[in-house]
Amino acid sequence: MLERGRDIAEHVLNAEDRDGRHVALGVAMAVGVGLLGALAATRGGQAIDRRRLARGGDAEVVEAPKGLTSAAAPLILSVSTLSALRIWNAPSGRGRTRALGLWVGLQALNALAMALHPRRLGQQMAAALLTAGLTTAYAHEAGKLDTRAGGIAFPRWGRVGLSNLMKDVSNRSD
């Protein structure tokens with residue numbers, strides 16, 4: 001049973017030919033980048049007074065800033081992080097370095113957006129477009145190295161790529 005779980009993890013993480021220490025270092029890197037981003041996001045977070053945002057002014061809800069755990073979860077548990085782990089386990093080279101650099105930039109942008117918490121529609125749209133653009137650039141670079149990693153990370157098809165990967169894992173274990 002342990003061997004089957006290891007086979008599944010190797011397939012999902014693209015780690016069939018990698019040493020366990022290399023894979024563990026990649027997981028530590030992904031979690032570390034996520035925690036750094038979450039720390040930056042929570043340091044910049046301020047309580048949001050929804051009274052000023054409500055048009056009628058009768059809503060008296062103040063939203064507290066997010067804690068480290070709730071800020072870290074979206075950064076660490078995203079499909080782009082799974083994709084980055086697959087890229088981490090790809091053969092070394094300039095393409096891998098470029099893709100991982102774009103992923104780190106994406107994580108930094110997401111942390112910045114969480115820290116600044118844009119309130120105006122224009123700011124929200126700018127943050128969303130920047131994130132979508134950087135995610136697309138990352139998915140393109142990742143797809144050059146590993147088509148599954150690119151498919152998982154692509155904004156529109158990420159769920160399809162992830163479900164295809166899970167279906168492939170299911171078929172392998174039968």
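Below, each value reflects all heavy atoms present in this structure, side chains not excepted, and no hydrogens, waters or symmetry copies.
- Rounded to the nearest 0.5 angstrom, Glu141 CD and Ile87 CD1 are separated by 9.5 Å.
- Rounding to the nearest 0.5 Å gives a distance of 8.5 Å between CG of Leu100 and CG of Leu145.
- For the pair Tyr138 (side chain) and Gly105 (backbone), a donor-acceptor distance under 3.5 Å is absent.
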**Request:** Please step through side chain to side chain contact (heavy atoms under 4.5 Å, CB included) for the pair Gln107 and Leu36, ending with a clear verdict.
**Result:** CA-CA 9 Å; Gln107 297 297 89; Leu36 283 174; over 6 Å; no

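- Residues satisfying the side-chain contact (heavy atoms from CB on, under 4.5 Å) test with Leu121, not counting sequence neighbours, are Gln124, Met125.
- Across all non-hydrogen atoms, the minimal contact from Ala113 to Ala127 is CB-CB, 4.5 Å.
- Separation of atoms CG (Leu102) and OG1 (Thr136) is listed at 11.0 Å; rounding is to 0.5 Å.
- The distance from atom CG of Leu130 to atom OG1 of Thr135, rounded to the nearest 0.5 Å, is 10.0 Å.
- With sequence neighbours left out, Arg96 forms a salt bridge (charged side-chain N to carboxylate O under 4.0 Å, His left out) with no residue at all.
- Closest of all the heavy-atom pairs between Ala142 and Ala99 is N-CB, 4.2 Å.
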Using atom types as modelled, flag every donor-acceptor pair under 3.5 Å from a side chain in residues 20-31 to any protein atom, sequence neighbours excluded.
| unit_1 | atom_1 | unit_2 | atom_2 | d |
| --- | --- | --- | --- | --- |
| Arg21 | NE | Asp19 | OD2 | 3.0 |
| Arg21 | NH2 | Asp19 | OD2 | 3.3 |
| His22 | NE2 | Trp88 | O | 3.1 |
| His22 | NE2 | Trp88 | NE1 | 3.3 |

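- Listed for the Asn89 side chain is a donor-acceptor partner under 3.5 Å among the backbone atoms of Leu85.
- Rounded to the nearest 0.5 angstrom, Leu13 CG and Arg18 CZ are separated by 12.5 Å.
- Using a 4.5 Å cut-off on side-chain heavy atoms (C-beta onward), Asn14 and Arg148 make no contact.
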